[in-house]
Protein chains: 2
Amino acid sequence: MSASPSEAAGLDLPEAVLRPVRGHHAFEACVEQLAVAIRLGVYPRGSTLPPERALAAQLRVSRATLREAMAALRQAGLVETRRGRGGGTVVTLKPRTPSARAAARVSPQRRAEWLDALEFRRIVEPGGAWLAAETDLGPERREQLERALADVTAARRPAEHRQADSRFHLTVAALSGSARVVEAVTSVQATLHEMLLAIPVLDANIAHSDRQHASLVRALLAGRPDQARTVMEQHCDDTAALLRGLVA
Amino acid sequence: MSASPSEAAGLDLPEAVLRPVRGHHAFEACVEQLAVAIRLGVYPRGSTLPPERALAAQLRVSRATLREAMAALRQAGLVETRRGRGGGTVVTLKPRTPSARAAARVSPQRRAEWLDALEFRRIVEPGGAWLAAETDLGPERREQLERALADVTAARRPAEHRQADSRFHLTVAALSGSARVVEAVTSVQATLHEMLLAIPVLDANIAHSDRQHASLVRALLAGRPDQARTVMEQHCDDTAALLRGLVA
DNA sequence: CGCCAATGGCCTGAGTTCAGACCAATTTCC
DNA sequence: GGAAATTGGTCTGAACTCAGGCCATTGGCG
């Protein structure tokens with residue numbers, strides 16, 4: 001037996017705690033973050049990204065490096081760029097339609113990451129919902145939450161529904177007011193997005209999911225933390241059950 | 001009003017989602033991780049770190065970079081190094097004794113990070129405990145858990161108790177089997193450690209904390225996820241109450 | 001004693017990233 | 001129409017990081 005990261009018997013604390021330091025290649029990390037933000041619908045099709053200088057500052061990266069990332073996104077067909085005042089970089093990526101194609105074909109390591117994401121999600125998303133429900137939301141935030149919910153239920157095509165769903169979950173996380181929660185949920189949703197693209201869309205599932213979203217929003221607006229958490233847990237469990245079948 | 005990361009009124013999803021890419025100094029990140037691991041007692045005083053080549057591989061960093069980090073740790077007096085077979089780098093840092101000194105003197109940004117860590121902790125540590133209790137622990141892992149608990153209760157001096165406490169919480173997290181949980185708890189414990197060094201030690205607090213630890217271990221060994229989570233939530237709430245007073 | 005293995009110490013050449021300045025295109029506003 | 005502002009495009013020298021090889025020191029083993 002080689003030194004696997006998590007042997008069944010013994011628990012190697014140092015090995016568990018020390019994780020790879022950030023991958024060298026800042027520009028890859030930028031591509032990753034921006035691609036995720038675009039695919040999750042944080043920047044919907046047609047919207048304009050912030051100017052390069054602002055984005056570079058936000059990502060704490062030099063403009064040269066950010067531009068490399070932009071070039072990659074451009075080459076991959078996610079964005080297009082126009083120069084001059086009023087120009088900028090606009091999102092052109094059409095949201096992908098979920099399909100059952102790339103079902104298997106994942107490495108064991110990938111599979112493990114997926115399962116881990118599902119477990120972690122069941123912790124952080126309900127936790128974030130609990131926090132958000134505890135917070136005293138202003139009228140503007142209540143509106144944003146309801147709009148995010150409306151976007152999900154209004155989405156007709158599966159691809160749009162998928163993006164709106166991600167946006168909804170990210171919105172709930174952001175309402176918690178915790179940067180760490182947002183980071184965790186973003187990461188989890190990115191992985192989830194991958195998985196959900198690989199399963200067929202069933203109207204029944206969507207309807208069920210939408211009911212849970214609505215129920216969650218009611219709990220959030222009513223300021224009922226425990227109820228919000230329970231609803232979100234159920235929601236995560238239901239989605240996870242769907243997905244675990246996929247990777248089994 | 002400037003564009004603050006989290007305005008009270010509006011919620012800027014892109015701003016919340018896009019976070020700084022890795023601080024571009026791999027060697028700083030290494031120093032950070034190793035220093036945290038040492039201070040939290042993952043590598044106790046007197047223990048030997050893995051060989052440079054192994055550590056470099058684990059952190060996914062070149063040996064040259066790792067050595068820069070080692071030099072920094074050596075200069076800071078955390079470790080000492082001996083060459084040759086049977087040599088290596090040993091931890092020399094004496095655990096710091098908590099004291100009420102550096103109470104205030106924290107920037108508003110730091111304060112916000114601290115409070116965020118407390119909120120995030122209340123989500124991930126109970127969640128990790130829930131997961132760990134759900135897992136079917138082997139005899140070896142049960143032993144490790146009980147040993148970690150014994151180490152905490154046996155620690156006489158405050159500095160040792162502080163380290164043993166960190167190790168205990170990291171052990172529980174690691175037992176969850178989720179890499180993401182371990183990462184989150186490690187990060188949270190690092191911040192917590194800072195805060196706890198700045199408050200005076202009260203025997204009553206320690207006794208109370210130890211009782212909660214014991215209660216948690218019972219729930220974990222009995223395989224009662226909900227109970228484990230509730231106990232851990234109470235534990236986090238109690239610590240947080242103590243600490244929030246400090247930074248108020 | 002002499003060899004071998006393990007470990008830290010050091011060097012080189014190539015690739016990345018950075019900060020900042022300057023150029024070019026395009027829109028907005030007078 | 002023209003000036004100004006905004007935005008992407010480009011360049012340069014310095015600093016950081018990497019991969020890999022080689023050297024130096026120490027302890028174990030035959």
Side-chain angles (χ1 to χ4, degrees), chain A residues 2-3 14-15 18-34 38 43 46-92, chain B residues 2-3 14-15 18-34 38 43 46-92:
Chain A
S2 68
E15 190 170 356
L18 258 43
R19 57 187 191 281
V21 81
R22 280 305 300 132
H24 28 342
H25 278 167
F27 101 90
E28 280 181 5
C30 291
V31 170
E32 178 67 16
Q33 274 206 43
L34 291 170
I38 290 172
Y43 293 106
S47 66
T48 302
L49 300 185
E52 290 179 352
R53 289 166 177 84
L55 257 189
Q58 195 170 345
L59 295 178
R60 298 277 213 283
V61 119
S62 79
R63 213 183 131 212
T65 303
L66 178 79
R67 280 180 53 71
E68 276 194 79
M70 291 297 224
L73 294 176
R74 224 172 296 138
Q75 184 137 20
L78 274 69
V79 299
E80 279 175 9
T81 297
R82 285 195 331 269
R83 285 209 281 187
R85 178 164 180 165
T89 303
V90 300
V91 176
T92 56
Chain B
S2 68
E15 190 170 356
L18 258 43
R19 57 187 191 282
V21 81
R22 105 325 174 79
H24 56 295
H25 271 324
F27 100 92
E28 279 181 7
C30 291
V31 170
E32 178 67 16
Q33 275 205 43
L34 291 170
I38 289 171
Y43 293 106
S47 65
T48 303
L49 300 185
E52 291 180 351
R53 292 167 175 83
L55 258 189
Q58 195 171 346
L59 295 178
R60 299 277 212 285
V61 117
S62 79
R63 213 183 131 213
T65 302
L66 178 79
R67 279 180 54 71
E68 276 194 80
M70 291 297 224
L73 293 177
R74 223 172 297 137
Q75 184 136 19
L78 274 70
V79 299
E80 279 175 8
T81 297
R82 285 195 330 268
R83 285 209 279 188
R85 177 164 180 166
T89 303
V90 300
V91 176
T92 57

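Residues B:Leu59 and B:Cys30 come closest through the heavy atom pair CD1-SG, 4.1 Å. Contact detail for A:Val61 and A:Ala26: the closest heavy-atom pair is CG2-CB, 4.2 Å. When every heavy atom of A:Ala72 is checked against every heavy atom of A:Val31, the shortest pair comes out as CB-CG2, 3.9 Å. Nearest heavy atom pair, residue A:Leu49 against residue A:Met70, reads CD1-CE, 4.0 Å.
Atoms CG (A:Leu55) and C1' (D:dT7) sit 13 Å apart, rounded to a whole Å. The NE2 atom of A:His25 sits 12 Å away from the C1' atom of C:dA14 (whole-angstrom rounding). Look at CG on A:Leu49: it is 13 Å from P on D:dT7, rounded to the nearest Å. Counting to the nearest Å, the P atom of C:dT17 and the CG atom of A:Leu66 are 12 Å from each other. Atom CD of B:Glu52 is separated from atom C1' of D:dT25 by 13 Å (rounded to the nearest Å). Whole-Å rounding puts the B:Glu28 CD to C:dT17 C1' distance at 14 Å.
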- Task: Spell out protein contact along nucleotides 21-30 of chain C as letters: B when the base is contacted, S when just the sugar-phosphate is, - when no protein heavy atom is under 4.0 Å; keep the 5' to 3' order.
- Result: BB-SBBBS--

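Of the candidate nucleotides C:dG8, D:dT17, D:dT7, D:dT7 has the atom lying nearest to any side-chain atom of A:Pro51. For A:Ala64, taking side-chain heavy atoms from C-beta onward, the closest of the listed nucleotides D:dT17, C:dG8, C:dA19 is C:dA19.
Partners of A:Ala54 under the side chain to side chain contact (heavy atoms under 4.5 Å, CB included) rule, at least two apart in sequence or in another chain, are A:Pro50, A:Pro51. A:Thr81 is linked by a side chain to side chain donor-acceptor pair (under 3.5 Å) to A:Arg74, A:Thr89, counting only residues two or more places apart in sequence or in another chain. Applying the side chain to side chain contact (heavy atoms under 4.5 Å, CB included) rule to B:Glu32 yields the partners B:Val36; only residues at least two apart in sequence or on another chain are considered. Scored by the salt bridge (charged side-chain N to carboxylate O under 4.0 Å, His left out) test, A:Glu68 finds no partners at all (sequence neighbours excluded).
Near DNA chain D, meaning a heavy atom under 4.0 Å from it, residues 68-78 of chain B has B:Glu68 in order of number.
The closest side-chain heavy-atom distance from B:Leu78 to B:Val91 is not below 4.5 Å.
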